[in-house]
Amino acid sequence: MILELTSIQTMTLAIIVLYLGKFINNTFRFLKENCIPDAVTGGTIFSIITLIGHETHLFSFIFEDSLREIFMIAFFTTVGFSASIKLLKKAGLPVLMFLIAAVGLTFFQNIAGILMAKLLKVNLLIGLATGSLATTGGPGTAGAFGPIMESFGAPGATMVAMATATYALIAGSVIAGPICKRLIEKHSLLEKHKNSNSFSSTENKNEFLITKKIIPTGFQIIIAMGIGSLISSFLNSLGLVLPSYIGAMFAAALMRNISDYTGKFEIDLNIVSTVGSFTLAMFLSMTLMTFKLWELKELALPLILMLIGQTILMGAFAYFITFNITGRDYDAAIITGGHCGCGFGTTPKALANMEALTERYLPSPKAFFVIPIVGSLFIDFFNAGIITFFINLVK
């Protein structure tokens, strides 16, 4: 039996799958504590159902998922609106140093993925699928770049990327605790630490969405998407291989910085963030529920070995580089734990890591200032360009 769904039906099913994931995450504490997105849980379960249908020949689905790309472009457009040069300057040296560490990690993750793929004699793009697009980028970036690599002859790349991103969400918290404990004890950081109140979160949790700002902000997002489509078309005409959202993300960043420096128009970042959360959830749900898990059979062992390699890299980089480049003090140790979360997962995972560490040891306002700025505002923007460079290098 073949079930063919229209675009509206596919979108409706994606919402049902999303709520299924939410129910499962709320039921099982392990999933909730490890910050597994609802879309990842629900989409994975549904893809297992489609696997059963495929293997038993009882049923299959045909999805009309053209709306998925619109949700994807909209999400990355909201990411572009966060790339503020003015904010980066204001944030100062601690943020800049961690940004350097975060960007450096993405290069190592991609190089490691390519080298391991070559060693294991699998498609280099499959190795790249375990790199920064899944680890630093998380499920959203993994879902965006996976289909691009598949179009270059790497079947299963999207599933490999999503599997890596899901694994990283768990492993990023597993390795953070032991690494930070070792750093704190080895360097006697608790005794040297002087609590500082000079850093505070950039978030304003008392902000409410103002109705009259929602429509103009929505228009700004759509305008950035439209301008971005022209930019992407131009870059593609030059022979560059780019994901469809790159132009929109660049246009949004340009609009954000024009707004910062001229004050001619206001961008409500609370609304932008809300739109980003909604479009990411829809994009992930529609991506995951359409996975063809049967394409992973031949990649199971290489994938396991590459995940182990990426885990070792994350731990070693955090211990030897992130800690040293961010100050070699107690705050640097907590930032290191946070990097294990956002360099191997997502920013919420990084914050969860740091909350657990500071609850056990001492508060670190500096870490909670630095990580959200880089993890939520800047690293996705840099990572997209780095991934694009490596895809063009190995395709």
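- By the criterion of side-chain heavy atoms lying less than 4.5 angstrom apart, applied directly or through intervening Ile, Leu, Val, Met, Phe, Trp or Tyr residues, Leu305 is not grouped with Ile312; the two fall into different hydrophobic clusters.
- Contacts of Phe46 classified as ring-ring contact (aromatic ring centres under 6.0 Å, His included), with partners at least two apart in sequence or in another chain: Phe61.
- In this model, a donor atom of one side chain and an acceptor atom of the other lie less than 3.5 Å apart for Thr135 and Gln109.
- Side-chain atoms of Ser277 come within 3.5 Å of backbone N or O of Ser273 as a donor-acceptor pair.
- Side-chain N/O atoms of Thr158 and Glu150 include a donor and acceptor closer than 3.5 Å.
- Closest approach of Ile148 to Phe152, counting heavy atoms only: O-CD1, 3.1 Å.
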Task: Check against side chain to side chain contact (heavy atoms under 4.5 Å, CB included), Met249 and Ile73 - done: CA-CA 8 Å; Met249 193 162 67; Ile73 295 172; over 6 Å; no

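- Between the side chain of Gln9 and the backbone N or O of Thr6 there is at least one donor-acceptor pair closer than 3.5 Å.
- Side chains of Ser364 and Asp331: a donor-acceptor N/O pair is present below 3.5 angstrom, by distance only.
- Considering only heavy atoms from C-beta on, Met314 stays 4.5 Å or farther from Thr311 through its side chain.
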Open item on the list: Would Glu4 and Phe63 count as a side chain to side chain contact (heavy atoms under 4.5 Å, CB included) here? Give the steps.
Closed with: CA-CA 6 Å; Glu4 188 169 353; Phe63 301 100; over 6 Å; no

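- Within a 6.0 Å sphere centred on CZ of Phe59, other residues, nucleotides and ligands contribute more than 12 heavy atoms.
- In this structure, Ser7 OG and Arg68 CZ are separated by 13.0 Å, a value rounded to the nearest 0.5 Å.
- Judged by distance alone, the side chain of Ser188 and the main-chain N or O of Glu191 form no donor-acceptor pair under 3.5 Å.
- Separating the CG atom in Leu13 from the CD1 atom in Ile8 is a distance of 13.0 Å, to the nearest 0.5 Å.
- Atom CD1 of Ile2 is surrounded by 12 or fewer heavy atoms from other residues, nucleotides or ligands within 6.0 Å.
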TODO: Take Phe98 and Ile371 through the side chain to side chain contact (heavy atoms under 4.5 Å, CB included) test and state the conclusion after the steps.
DONE: CA-CA 8 Å; Phe98 179 63; Ile371 292 289; 3.4 Å; yes

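- One hydrophobic cluster, built from ILVMFWY side chains closer than 4.5 Å, cannot hold both Leu169 and Ile304; they sit in different ones.
- Donor-acceptor pairing under 3.5 Å is recorded for the side chains of Asn383 and Ser132.
- Within a 6.0 Å sphere centred on OH of Tyr261, other residues, nucleotides and ligands contribute more than 12 heavy atoms.
- Taking each heavy atom of Ala251 and Ala224 in turn, the nearest pair found is CB-O, 3.6 Å.
- Across all their heavy atoms, Leu189 and Ala333 have their closest contact at CD1-CB, 3.8 Å.
- A 4.5 Å side-chain heavy-atom check between Asn236 and Ser233 finds every atom pair outside the cut-off.
- You'll find the side chain of Leu284 reaches within 4.5 Å of the side chain of Met162, heavy atoms only.
- Checking side-chain atoms of Asn257 against main-chain N and O of Ala83 turns up a donor-acceptor pair under 3.5 Å.
- Residues Ile85 and Phe81 are members of separate hydrophobic clusters, defined by side-chain heavy-atom contacts under 4.5 angstrom among Ile, Leu, Val, Met, Phe, Trp and Tyr.
- Looking at Thr217 and Asp268, their side chains never bring a donor and an acceptor atom within 3.5 Å of each other.
- Here Thr141 contributes atom OG1 and Leu133 contributes atom CG; the two are 7.5 Å apart, rounded to the nearest 0.5 Å.
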TODO: Begin with the C-alpha distance, continue with both residues' side-chain angles, and end with the deciding distance and a verdict on side chain to side chain contact (heavy atoms under 4.5 Å, CB included) for Ser173 and Lys349.
DONE: CA-CA 7 Å; Ser173 61; Lys349 178 82 270 179; 3.6 Å; yes

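- Here the closest heavy-atom approach between residue Ser259 and residue Ile267 is recorded as CB-CD1, 4.0 Å.
- Between the side chain of Thr358 and the backbone N or O of Glu355, at least one donor-acceptor pair lies under 3.5 Å.
- Within a 6.0 Å radius of CD in Glu55, other residues, nucleotides and ligands contribute more than 12 heavy atoms.
- Although no hydrogens or angles enter the test, the distance criterion places a donor-acceptor pair under 3.5 Å between the side chain of Thr164 and the main chain of Val160.
- Taking CD1 of Ile70 as the reference point, atom CE of Met286 lies at 9.0 Å (rounded to 0.5 Å).
- A donor-acceptor pair under 3.5 Å links the side-chain atoms of Gln310 to the main chain of Thr130, judged by distance alone.
- To the nearest 0.5 Å, atoms CE (Met225) and OG (Ser232) are separated by 11.0 Å.
- When side chains are defined from C-beta on, Tyr19 does not count as touching Asp38, because their heavy atoms never get closer than 4.5 Å.
- Listed by chain and number, the residues in a ring-ring contact (aromatic ring centres under 6.0 Å, His included) with Phe108 are Phe317 (sequence neighbours excluded).
- Taking each heavy atom of Ala350 and Cys342 in turn, the nearest pair found is CB-N, 3.6 Å.
- By the 4.5 Å side-chain criterion applied to Ile, Leu, Val, Met, Phe, Trp and Tyr, Met97 is assigned to a cluster that also includes Leu93, Leu96, Ile100, Ile325.
- Not one N or O on the side chain of Asn353 forms a donor-acceptor pair closer than 3.5 Å with the backbone of Gly338.
- Contact annotation: the side chain of Val275 never approaches that of Thr77 to less than 4.5 Å [non-hydrogen atoms, C-beta and beyond].
- Side chains of Lys118 and Leu124 form a contact here, defined as non-hydrogen atoms less than 4.5 Å apart.
- None of Phe283, Phe250, Phe145 except one satisfies the ring pair (Phe, Tyr, Trp, His ring centres under 6.0 Å) rule with Tyr245; the exception is Phe145.
- Side-chain atoms of Gln220 come within 3.5 Å of backbone N or O of Glu266 as a donor-acceptor pair.
- Met289 places a side-chain heavy atom less than 4.5 Å from the side chain of Thr10.
- In terms of hydrophobic clustering, with Ile, Leu, Val, Met, Phe, Trp and Tyr side chains grouped at heavy-atom distances under 4.5 Å, Ile387 and Ile114 are assigned to a common cluster.
- In this structure, Leu303 is not a member of the same hydrophobic cluster as Leu119, with clusters built from ILVMFWY side-chain heavy atoms closer than 4.5 Å.
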- [ ] Show the numbers, then the answer: is there a ring-ring contact (aromatic ring centres under 6.0 Å, His included) between His187 and Phe323?
- [x] CA-CA 11 Å; His187 300 283; Phe323 175 69; 5.2 Å; yes

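- A heavy-atom distance below 4.5 Å is found between the side chains of Leu351 and Pro372.
- Atom CD1 in Ile221 sits 9.0 Å away from atom CE in Met255 (nearest 0.5 Å).
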